[in-house]
Structures are given as C-alpha cells and as structure tokens.
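Below is one structure, written out as structure tokens; the observations come after it.
In this text, all values refer to a predicted model and were calculated from it rather than measured experimentally. Residue numbers start from 1 in every chain, and the chains themselves are labelled A, B, ... in the order their sequence lines are given, proteins ahead of strands.
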Amino acid sequence: MTLTLYNTLTRQKDVFEPIDPQNVRMYVCGPTVYDYAHIGNARPVIVFDVLFRLLRHVYGADHVTYVRNITDVDDKINARALRDHPDLPLNEAIARVTAETARQYQDDVAALGCLAPTVEPRATEHIGAMVEMIEKLVASGHAYVAEGHVLFDVPSMQDYGGLSRRSLDEMQAGARVEVAPYKKDAMDFVLWKPSGAEEPGWESPWGRGRPGWHIECSAMSWKHLGEVFDIHGGGIDLQFPHHENEIAQSRCSHGTSVMANYWVHNGFLQVEGEKMSKSLGNFVTIHELLADWPGEALRLNMLRTHYRQPIDWTVKGLEESVKALDAWYDLVREETGEGAEPDPEVLAALGDDLNTPRAIAALHGLRADAKGGRGARSRLKASAALLGLLPETADDWFARRDLGADIDADAVEALIAARAAARKDRDFAEADRIRDDLDAMGVAIMDGPTGTTWEPKR
RNA sequence: GGCCACGUGGCGGAGUGGUGACGCAGCGGACUGCAAAUCCGUAUACCCCGGUUCGAUUCCGGGCGUGGCCUCCA
C-alpha cells in the first residue's frame, strides 16, 4: 500500500519512503512531567499511536522504532517540587514529582488504548549526550559561552527557519521578547544554563548547570534513532521554536542536511468552542475525563476529526462516540478479528495522510455487511484494530460503559415481573406506571419476543 | 504588528472542477397494547464579493469571521 503524509517541511502530502524499511524510525515529543496531562496533550499521543499501528501493519511489528520522550528536567518541575515537598531535599522532591507524574501519564495514555512506544527515554538519563552535542556545537562555531550560559548562535546557520518558513528578518521584526544582555542575537536560544544551589544541576565543561529545553529532544532522538531518521511528530504549536531549534541543533552538531525526513504536526484543540485555559475554567485533564467516559470513547472522539484540522472537544461529540462504539461492539460481540484482513478502504483511508474520519466512515460501512456474517464481523474487528478501536470483548465494553450505574437488580427483576403480570391482565395503565418507576430508577426496559430485558439507561 | 491555518446541511465531519460521503439528531413507515431497541425510507449544505471556466463548494484575488504561532504552552 502507499502511505502519504503531509510533511511540514515541504507543505504537501509526500509519499512515505523509509530510510530503512527494516527499521522505520519515529520520534514524538512527549510530556513534561509536572502535572496531569490535559486533553490537548492526548491528541498527539493518539494520532501518532495510529501512525505507529499503521507503520507496524505495513512494515511489520518488529520493524518500527517509536521513541516518545519524557521531559523530566524543567523549571516547572522544580516549582512543583518546592511547592509539594518543601520538607524534602530538592533532588528527592523532584524525583517524586517526576516519578508520580510519569506514572499518571502512562496510566492515562494506556487507558486511551495507546501502545507503549518502543523506547520512552528520560532527559535526565541523557545529560551526557546533550553535553556532547553542545561541545560539538561550540567547537564548530554554532554556539558560544556567555555568563555561564551556552547559547546557540542562530545567524551561524544559513537556513535556520526552514521548517516554520520564517526568515530571520521576519522574526526580528516581530520579536517581542526582552533580549537577555548576554545574547549576541535576539533569536539565540539557550543550550545550557547555570544552576544555583536551589536548582537541579549537573557538572559540565561550563560549570554546574542544566540543559535548555530544545537540546533534550535532539539528544534523545540521536541516541535512539541516529543522526537522521524518518518521522518527527508533535503538536503544531511546537513547530516554532521547539522543532526549529531541534533541527538547528541536530543538523549543525551532526553536519547533516536534515534531521528527519517527514515532519508531521497535529492541529490544535479547543473545548466547547473556546481555547482551553485555566483562567476560563475549561481546562480538562485526561484523568478527569476518564472518570466519566471510557478511554476508548475519548480515543474515537479524537479520531473523528482529521489530525491536521482544529478540533472542538465537546460532550456532545463524546456522546456520539459512545453510541458508535455501542453499535460496533453490538455487532462484533465475541469476534477476535484474528486471521482477518482489514478492510481495504480503511487501509486506503489511513494511508491517505491518516484520514481517520474517512476510515471511521468505512467502519460504519462495514456495519451492514457485519449483520450478515462472521467473516464481515471479523473484518470489522480487524479494521478497527488499525485505529486501536474495539480491543475488548463486547461484554467488557458494555460492563465498563455501565460502570456508573448503581442499580438494585433484584428490585428491577421484581418490578419487571409485576409489570409482566399487569400486561397479561391487560392492565396497561399499571404496566406503564411500573415502567415509569423503572425509568426513574435509571433503568431502560425492552420488550422482546423472549421476554423483557433491561439495562441502565444510556 | 509579522507569519500561518481553518470557515461544508440542525450538529459533528470527509471530499471533489460537473453524480450519493458518513455519523448524530429530525421526519415518515414497519414492529409494539403503547413505548424503547431494531429495521426500512427520507428532507436540508458548501461564509461574503469579484475573477478564471462551458461549468466552482472545489482554482485565483479581496473581504469578513474563528483559531494558532511569534514568549512557557501540546
């Protein structure tokens, strides 16, 4: 099959051709672990999980390396550590914050049905690689030391700005930042900064200090994927400056003409039509959503919009997602999908720049067939698996879905029996009254040819 | 202020230079004592103004609107 991806470098859909089909390599920027991840953070995780699954399908599960880092050096982490554990030594406090937050994050994304990445490197484990890269940059004249800082010399790179398509002139014209006095150029960014006694730090040729944010991803991608790799992903907001600076660091350090061949960026997320922010009070974490919705519904809701489009996150959308999953699970039932080939249209849709809405439409299209036979049901299951959907049995899904319901089953059965008697006597007023009582209890009943069944109201 | 993206029916959301997306909701019908669920059927759209074209929702220009980046931010 052909896979095309919209490449931010070329601003068009490019046919994907890996450097080495035996080892397809993808890097995605992961979280900074200082607090629960919000639903906007979940978007790249889910989107690139689908891409990971598709690559595994095309090249083989053992021929794809997916690296998603954990940033555990950051001033926000320090602040959090001081706030939450003021009585502990700083290093220990930081370790607690990052360990706990990383665990929360991994629980969250697992609940969203995401496969674990091949490698989940931590910044603190790659300080040596960062120092090594920075030394090379200083030696080659792309970085300089000033007042204990090491800064990347942006004008030293002729084609800086290629990813975001900004010229240096443009950026300087629009710059609003206050320029630190030790910078040679306003655009220069920090590779290494000195740490005070109250800050985490590592010994380096430039004294005790800590890395700048951008160098972390350059070092981790280098160590796990090499100097040049296939796909680099992340949110569109990271395009500038983070990804631009990663490119500058990696290319100038390694002397390569590209860092990654395909740069893939997902669009932004809004909540109920508004920008998500703490001040608006619509800031919503994955963790909170998982208390009210199955993770799979969050996942489907995310994939109903193409990854490059802006997405508006709404309760209504989540309700529709649950309904779609109900319908699919109801058909799939005990199918495992084993041995079944995914639907060609689903595959074609995903191969077309990860067109998940089109793939989901194809899944709906399989519903009619799936009513007919096991083969089609199995194909539905196998097709959904490419999107990371329908991983459970139908029983587990419906049990999970109805989790919130707290209903006395014996009482329900007694009322249903009473209603059956009333119906037999053709006392429909009484039968309807009982149904209203059940409805008030949150129970929906269905009269079928084999009797009356019930379930928690949806 | 500079750069960029987006604007499709009641809602969500693909796509295309000239035929049906799809889903949810709605409406009609079947089934039901009546409902629910299910099944069958069905109406409604391409922000505005120009241009190119035999023909534009689709291409080009302008406008308006929404959002993003330029500063930590997914």
Side-chain angles (χ1 to χ4, degrees), chain A residues 8 11 28-32 34 37-48 71 74-76 79 161 164-167 169-179 186-187 189 213 233-244 265-270 273-278 283 300-301 303-306 308-314 316-324 326-328 330 345 349 352 355-365 367-368 371 422-429 431-432 435-436 438-439 443-449 452-455 457-458:
Chain A
T8 306
R11 308 283 158 127
V28 175
C29 294
T32 299
Y34 67 100
H38 59 68
I39 189 61
N41 295 300
R43 193 171 193 191
V45 180
I46 293 171
V47 164
F48 291 103
T71 296
D74 187 274
D75 290 351
K76 284 194 289 282
S164 49
R165 305 224 169 160
R166 294 159 200 245
S167 72
D169 291 346
E170 266 169 26
M171 288 187 276
Q172 269 151 12
R176 287 173 166 178
V177 236
E178 230 177 280
V179 182
M187 294 311 300
F189 56 91
W213 175 38
I236 187 74
D237 54 308
L238 292 179
Q239 185 185 309
F240 188 90
H242 185 237
H243 290 165
E244 200 70 78
H265 291 104
N266 62 270
F268 217 72
L269 175 144
Q270 285 183 272
E274 288 185 306
K275 176 175 176 157
M276 179 167 58
S277 73
K278 284 180 176 163
F283 192 91
L300 174 60
N301 197 231
L303 296 175
R304 297 193 325 146
T305 302
H306 182 89
R308 280 194 283 118
Q309 290 289 103
I311 189 172
D312 188 19
W313 189 265
T314 62
K316 190 162 183 284
L318 283 166
E319 287 167 350
E320 282 189 30
S321 300
V322 169
K323 279 184 192 178
D326 279 344
W328 288 330
D330 198 38
E345 168 57 16
D352 178 15
N355 192 333
T356 53
R358 197 180 131 197
I360 289 166
L363 252 29
H364 284 301
R367 279 162 70 174
K371 283 165 195 157
R423 291 178 74 205
K424 201 175 172 196
D425 297 341
R426 304 194 65 78
D427 183 356
F428 296 121
D432 290 349
R435 183 165 61 201
D436 288 345
L438 285 163
D439 186 74
V443 172
I445 58 171
M446 292 139 284
D447 294 327
T452 299
T453 57
W454 69 276
E455 63 181 29
K457 213 162 35 174
R458 291 176 183 174

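- A distance of about 24 Å separates the P atoms of B:A5 and B:G18, rounded to the whole Å.
- The CG-P distance, from A:Asp432 to B:A36, rounds to 12 Å in whole Å.
- B:U19 and B:G62 are spaced 29 Å apart, taking the P atom of each and rounding to whole Å.
- Look at B:C73: it lacks any Watson-Crick or wobble partner with both distances under 3.5 angstrom.
- When the options A:Thr453, A:Asp439, A:Leu438 are evaluated for a side chain to side chain contact (heavy atoms under 4.5 Å, CB included) with A:Ile445, the one that passes is A:Leu438.
- When rounded to the nearest whole Å, the span between CG of A:Asp439 and C1' of B:A37 equals 14 Å.
- Stacking between A:Phe268 and B:A74 is present: the aromatic ring centre lies within less than 5.5 angstrom of the base six-membered ring centre, and the two planes differ by under 30 degrees.
- Using a 4.0 Å heavy-atom cutoff across all strands shown, A:Arg43 reaches no nucleic acid atom at all.
- Put simply, the side chain of A:Asn41 and the base of B:C73 share no donor and acceptor less than 3.5 Å apart.
- Other residues, nucleotides and ligands place more than 12 heavy atoms under 6.0 Å from the CZ atom of A:Arg11.
- Separation of the P atoms belonging to B:C22 and B:A43 is 11 Å when rounded to the nearest angstrom.
- Base pairing annotation: B:A30 forms a Watson-Crick or G-U wobble pair with B:U38, both donor-acceptor distances under 3.5 Å.
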> Are A:Lys323 and A:Asp326 close enough, and set up right, to give a salt bridge (Lys or Arg N to Asp or Glu O under 4.0 Å), and what steps lead you there?
Replying inline: CA-CA 5 Å; A:Lys323 279 184 192 178; A:Asp326 279 344; over 6 Å; no
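- For B:U66, the OP1/OP2 oxygens have no side-chain nitrogen or oxygen of A:Lys275 closer than 4.0 Å.
- Of the C1' atoms belonging to B:G26 and B:U57, the separation is 25 Å, rounded to the nearest Å.
- Among the heavy atoms of the strands lying under 4.0 Å from A:Arg423 is at least one base atom, whether or not backbone atoms are also near.
- A:Gly234 comes within contact range of no nucleotide atom at all, as no heavy-atom separation falls under 4.0 Å.
- Between B:U44 and B:U32, the two P atoms lie 32 Å apart (nearest whole Å).
- Distance, A:Ile445 CD1 to B:U32 C1': 12 Å, rounded to whole Å.
- Residue contacts shown for A:His306 are limited to sugar-phosphate atoms, with no base heavy atom under 4.0 Å away.
- Nearest to the side chain of A:Ile236, among B:G68, B:A14, B:G33, sits B:G68.
- Across all strands, A:Glu319 comes closer than 4.0 Å to no nucleic acid atom at all (heavy-atom distances).
- Rounded to an integer number of Å, the gap from A:Leu303 CG to B:C22 C1' is 16 Å.
- Here the P atom of nucleotide B:C72 and the CD atom of A:Gln239 are 16 Å apart, to the nearest Å.
- Atom CZ in A:Arg165 sits about 14 Å away from atom C1' in B:A5, given to the nearest Å.
- Comparing A:Gly273 and A:Lys76 by the nucleotide of RNA chain B whose heavy atom lies nearest to each, the residue mapping closer to the 5' end is A:Gly273.
- Distance check on atom P: B:U66 versus B:A25 gives 31 Å, rounded to whole Å.
- Across all strands shown, B:U66 is found opposite B:A5 as a Watson-Crick or G-U wobble partner, with both distances under 3.5 Å.
- Side chain A:Arg435 to base B:A36: no donor-acceptor pair is found below 3.5 Å.
- In this structure, CG of A:Leu363 is placed 14 Å from C1' of B:A14, rounded to the nearest angstrom.
- Ring geometry, A:His242 versus A:Trp213: the interplanar angle falls under 30°, so the pair is classed parallel (tilted spans 30 to 60°).
- The side chain of A:Lys316 places no N or O atom within less than 4.0 Å of a non-bridging phosphate oxygen (OP1 or OP2) of B:C24.
- Rounded to the nearest Å, the gap between the P atom of B:C40 and that of B:C54 is 45 Å.
- Nucleotides B:A45 and B:A14 are separated by 14 Å at their C1' atoms, to the nearest Å.
- Between A:Leu269 atom CG and B:C73 atom P there is a gap of 18 Å when expressed in whole angstrom units.
- No donor-acceptor pair under 3.5 Å is formed between the side chain of A:Asp352 and the backbone N or O of A:Asn355.
- For A:Gln270, whose side chain is taken as the heavy atoms from C-beta onward, the closest listed nucleotide among B:G67, B:A74, B:C22 is B:G67.
- Neither side chain, A:Ser164 nor A:Gln239, offers a donor N or O lying under 3.5 Å from an acceptor on the other.
- Listed nucleotides B:C72, B:C6, B:A74 differ in distance to A:Met276; the shortest reach to its side chain belongs to B:A74.
- For A:Asn355, a side-chain nitrogen or oxygen approaches OP1 or OP2 of B:G15 to under 4.0 Å.
- Under the Watson-Crick and G-U wobble criteria, each requiring two contacts below 3.5 Å, nucleotide B:G50 is paired to B:C60.
- If you check distances only, the side chain of A:Glu320 never reaches the base of B:G12 with a donor-acceptor pair under 3.5 Å.
- Side-chain contact of A:Thr32 with A:Asp74: a donor-acceptor pair under 3.5 Å is absent, judged by distance alone.
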